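Report on one structure; see the data block that follows.
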Amino acid sequence: MFLKLIEDVKKILKDFGDERYIRESEHADLCSTIAFKIAKDTGKDAKIVADEIVEGLTPLGYVSSVHSINGYINFFANEEFLEDTVKSILKDQENYGKLNFKGKVLVEHTSANPDGPLHIGHVRNAVLGDCIARILKKAGYDVLTHYYINDMGRQMAVTYLGYELFGFSDKKSDHAVADSYIKANVELEKRPELEKRVEEIMLKYESLNEEVFEKMRNIVSFALEGIKQTLERLNVWHDEFVWESDFVKNGSVQEILKKLDEKKIVEKDGAWIVRLEGFEKEVILKRENGTTLYIARDLAYHSWKSKFFDRIVNVLGADHKLHASQLLKLLEIIEVKKPEVVFFEFVSLPEGRMSTRKGRYVSADELMEKVKEEALKLLESRDISQKEKDEIAEAVAIGAIRFDFVKVAPEKHITFDWHQALDFERQTASYIQYTHARACSILRKALEYGMQELDFKGDLCNKEERKLVINLSKFPYQLMRAAKDLRPHYIAEYLLSLSSNFNEFYRLHPVLKCEKELRMHRLALVDATRIVLKNGLELLGIKPLEKM
RNA sequence: GGACCCGUAGCCUAGCAGGAUAGGGCGUGGGCCUCCUAAGCCCAAGGUCGCGGGUUCAAAUCCCGCCGGGUCCGCCA
């Protein structure tokens, strides 16, 4: 509905309706700063320019009034806008917010090496990618998600070696794999002659040696089993798990190499080398021993992606920036559609960066367990069943973890802090879940008392209600911004502000105790808020609880 | 050394196609449950928006330089 308001403002401003100068404001429902721009170009006073513009304007559509103040042109929405906002939310329910973007989108995310369990760095990737996929889906796209299984790297050969030397313990599979992988790395330091075996495994795997191939696939699948359990608990979903080695197996890596070769850019000096303009570092496609490198397989994978999708999104750690820019450049050369890459910065521990190889990490499983324990403590004294407590604690814990990662802009470094991770007193997912539960509770009671009619009236709105409705109207607008920029934290910020608006309203204005007309009006508003919070939480993969 | 990212109160963070008193939260101090869930709400203190220049009527936001932190610069992925 807010998008409609913007359209109306554009219409009112006519020639001055440049969208770049229309923005949200704390002083109005919308404002335009076009007068400042014109003042700059013409050398006039912005105040006077704004006054002159406003003189010639007539409000229309959802806009009730236009004012010029200090160069700003302020717009206010009318009561019809408030009513239509609430009505369309109540009508559309879970579909409220849906946009009409069209096309097929592939989102690849997480794609952690299957040499151990997911750690909190992978969680950032998984949550970001999963939220982006949810947002794009709500925006109208046909979305598919991929986990790219990096089964061909050196680290997998070391994992294989670890299995040969130590086997796997009976821990959760991904943790068992990590233990042997870590031990194998220690062993490699002590006995450098084992390097030969590592290389042999890599060579045999790439040449599809039957025994090594089968065993490697089993090891990787075993690790993946545990990883999938973790992802499921995190409420992160992948439609497909794609094996890197399949692109070797089906010949598409060779095809890509041929394509590049035809472009006459490959130097063959034993190894296959491409020197890209503007890059200080050359790209190696093939080693002297004939095996391919990651980038060769990645090119094949992206060539495949480009055939089926209109928009391709990759979520990657910032350490992949060089690789990604080289990949993009090579894709450009062979005329293949390029992906949009969403980078996120590192999650480190107070004692430094994490490393699976060195066994220095906080696993996602450990994080989920500890956060849940903490959530359970808060529920101890509540008069609800143990089963309910467990379900609530689980939803609160997963929500808190997801929210903590999605809330901060991806380009910010995160230093993981246990104290912060376990603190529910902060404004976090549980704040939004609690607000949602509050709304549900009022509606539940209303139903119990036989007060099921809802009837929102624009003219009954007080200050807090009006503010709340205006913010409710912004949900599709915020979704659009998040989908365009691939920045899910807009949604997190939005839900916090909406919760705050609702809690202010809740404190000052009783719902169930007022006379009928006002009660029906407020109940409608409570229900509309409930719906938007629910839809918003679902965009972030957080369970909207009805009781807490 | 080069390239990229970050630097906003004691701590975490939003704002960064320039614009109205720099928003939140944690922590600190003080209030609010005979009333729809206090995982809530209100008030207060706390800010050279890393530093120095520049552009502009206007800079947290754009440009340049510096400082601090991170990442990358493998025939690893």
Side-chain angles (χ1 to χ4, degrees), chain A residues 19-21 23 25-28 31 33 35-37 39-40 43 45-46 69-72 74 111 113 115 150 152-156 202 244 269-273 279-295 297-298 317-323 325 343-346 348 353 375 378-379 382 392 396 404 407-415 417 419-420 423-435 437-446 449 489-490 492-493 496-497 499-500 502-504 506-514 522-523 526 547-548:
Chain A
E19 196 157 2
R20 288 175 303 170
Y21 301 99
R23 53 202 57 186
S25 166
E26 45 184 316
H27 306 279
C31 79
T33 56
F36 292 104
K37 167 72 180 150
K40 190 188 182 77
D45 182 355
I69 302 161
N70 296 330
Y72 293 86
N74 286 340
S111 305
N113 291 333
D115 54 15
N150 303 124
M152 297 196 67
R154 194 191 120 87
Q155 82 288 340
M156 290 323 298
M202 286 176 74
E244 184 183 1
D269 177 26
W272 283 33
I273 297 165
F279 288 83
E280 53 180 308
K281 194 65 210 161
E282 70 275 13
V283 180
I284 317 291
L285 298 166
K286 219 181 195 182
R287 300 182 181 90
E288 271 184 50
N289 71 11
T291 55
T292 57
L293 281 108
Y294 179 70
I295 191 141
R297 276 107 58 181
D298 213 13
D319 54 330
H320 286 66
K321 275 187 178 174
L322 177 63
H323 170 262
S325 58
F343 291 107
F344 64 92
E345 283 293 340
F346 265 59
S348 55
R353 69 179 291 180
L378 284 171
L379 289 159
R382 298 290 161 85
I392 292 169
V396 166
D404 272 349
K407 184 185 61 176
V408 312
E411 62 273 16
K412 297 270 187 184
H413 308 159
I414 292 177
T415 304
D417 174 4
H419 175 74
Q420 189 188 309
D423 181 7
F424 293 100
E425 296 300 313
R426 297 175 305 122
Q427 260 199 353
T428 169
S430 63
Y431 174 70
I432 303 163
Q433 286 171 313
Y434 182 78
T435 308
R438 258 186 166 172
C440 287
S441 175
I442 294 173
L443 294 163
R444 199 166 45 235
K445 288 221 159 68
Y449 305 153
H489 78 275
Y490 293 167
E493 282 294 328
L496 285 175
S497 74
S499 299
S500 174
F502 182 78
N503 285 322
E504 273 171 54
Y506 178 93
R507 173 179 65 98
L508 293 168
H509 311 294
V511 177
L512 299 175
K513 281 188 303 193
C514 26
R522 288 186 179 157
L523 277 171
V526 172
K547 274 186 188 174
M548 280 176 80

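These numbers were taken from a predicted model, which means no experiment stands behind them. The chains referred to below are lettered A, B, ... by the order of the sequence lines, with proteins before strands, and numbering in each begins at 1.
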chi for B:A17 classified (syn = within 90 degrees of 0, anti otherwise) as syn

Quantified in whole Å, what is the C1' atom distance between nucleotide B:G15 and nucleotide B:U61? 9 Å

Respond yes when some side-chain nitrogen or oxygen of A:Arg287 is under 4.0 Å from OP1 or OP2 of B:G74, and no when none is. no

By nearest atom, which of the nucleotides B:U71, B:G40, B:A14 is closest to the A:Asp319 side chain? B:U71

Find which nucleotide of RNA chain B each of A:Ile273 and A:Ala409 is nearest to by heavy atoms, and output the residue with the more 5' nucleotide. A:Ala409

Can you tell me whether the side chain of A:Glu288 and the base of B:C75 have a donor-acceptor pair closer than 3.5 Å? yes

Expressed in angstrom and rounded to an integer, what is the separation of A:Ile414 atom CD1 from B:C5 atom P? 18 Å

Rounded to whole Å, how long is the line connecting atom CZ of A:Phe502 with atom C1' of B:G40? 11 Å

Which value, in whole Å, describes the distance between the C1' atoms of nucleotides B:U56 and B:C12? 33 Å

Kindly say whether A:Ser499 contributes a backbone atom to a donor-acceptor pair with the side chain of A:Asn503 at under 3.5 angstrom? yes

Give the rounded distance in Å between these two atoms: CZ of A:Phe424 and P of B:A39. 13 Å

Spacing between A:Arg426 atom CZ and B:G40 atom C1', to the nearest angstrom: 17 Å

Would you measure the distance from the P atom in B:G70 across to the matching atom in B:U8 and give it in whole Å? 15 Å

Under 4.0 Å, counting only non-hydrogen atoms across every strand here, what does A:Leu523 touch: a base, just sugar-phosphate, or nothing? nothing

Euclidean distance, atom NE2 of residue A:His320 to atom P of B:A77 [Å, nearest integer]: 10 Å

Looking only at heavy atoms, the pair that brings A:Asn150 and A:Met156 closest together is O-CG, 3.4 Å

Nearest-neighbour nucleotide for the A:His413 side chain, B:C57, B:G69, B:A39 considered: B:G69

With syn defined as a glycosidic angle within 90° of 0 and anti as everything else, classify B:C63. anti

Hey, is the main chain of A:Lys321 close enough, under 3.5 Å, to the side chain of A:Ser325 for a donor-acceptor pair? yes

Comparing nearest nucleotides in RNA chain B, the 5'-proximal residue of the pair A:Asp423, A:Ile295 is A:Asp423

Taking a pair as Watson-Crick or G-U wobble with both distances under 3.5 Å, which nucleotide is matched to B:U28? B:A44

Which listed nucleotide (B:A77, B:C36, B:C35) is nearest to the side chain of A:Ile442? B:C36

Exercise: identify the closest heavy-atom pair between A:Lys407 and A:Leu496: CD-CD1, 4.4 Å

Donor-acceptor contact present, side-chain A:Arg287 to main-chain A:Thr292, <3.5 Å: yes

Residue-phosphate contact under 4.0 Å: A:Lys407 side-chain N/O, B:A14 OP1/OP2: no

B:G74 pairs with which nucleotide, Watson-Crick or G-U wobble, both distances below 3.5 Å? none

In whole angstrom, give me the gap between the C1' atoms of B:U55 and B:C63. 7 Å

Selected nucleotide, minimal atom distance to A:Lys412 side chain, candidates B:U8, B:C57, B:C4: B:U8

Mind telling me whether A:Phe502 and A:Tyr506 have parallel, tilted or perpendicular rings, with 30° and 60° as the class edges? tilted

Using the C1' atom in both, what is the distance from B:C51 to B:G25, to the nearest Å? 28 Å

P atom, B:U34 versus B:A39: distance in rounded Å? 15 Å

Let's test your reading of the model: under 3.5 Å, does the base of B:A38 pair with the side chain of A:Asn503 as donor and acceptor? no

Side chain of A:Val408 - closest among B:A3, B:G40, B:A14: B:A14

Opposite nucleotide pairing with B:C51, Watson-Crick or G-U, both atom distances under 3.5 Å: B:G65

Separation of B:G74 atom P from A:Leu293 atom CG, nearest Å, is 13 Å

Keeping A:Arg382 on the side-chain end and A:Met548 on the backbone end, is there a donor-acceptor pair under 3.5 Å? yes

Out of B:A39, B:A14, B:C73, whichever nucleotide has its closest atom nearest the side chain of A:His489: B:A14

For B:U71, does either OP1 or OP2 sit under 4.0 Å from a side-chain N or O belonging to A:Arg353? yes

Proximal nucleotide (of B:C36, B:A77, B:A39) relative to the A:Pro510 side chain: B:C36

Nearest-nucleotide pick for A:Asn113, side chain only, options being B:C26, B:A77, B:G40: B:A77

Picking from B:G7, B:A39, B:A77, the nucleotide nearest the side-chain atoms of A:Tyr294 would be B:A77

Mind checking the P distance from B:C11 to B:G27? Whole angstroms is fine. 16 Å

Using a 6.0 Å cut-off, check whether atom CD of A:Glu411 has over 12 heavy atoms from anything other than its own residue. yes

Whole-angstrom distance between B:C42 and B:C33, as gauged at atom C1': 14 Å

Which nucleotide in the list B:A77, B:U71, B:G15 gets nearest to the side chain of A:Glu244? B:A77

Is it the case that B:A20 (base atoms only) and A:Ser25 (side chain only) share a donor and an acceptor within less than 3.5 Å, ignoring hydrogens and angles? yes

For atom CD of A:Glu411 and atom C1' of B:G7, their distance in whole Å: 13 Å

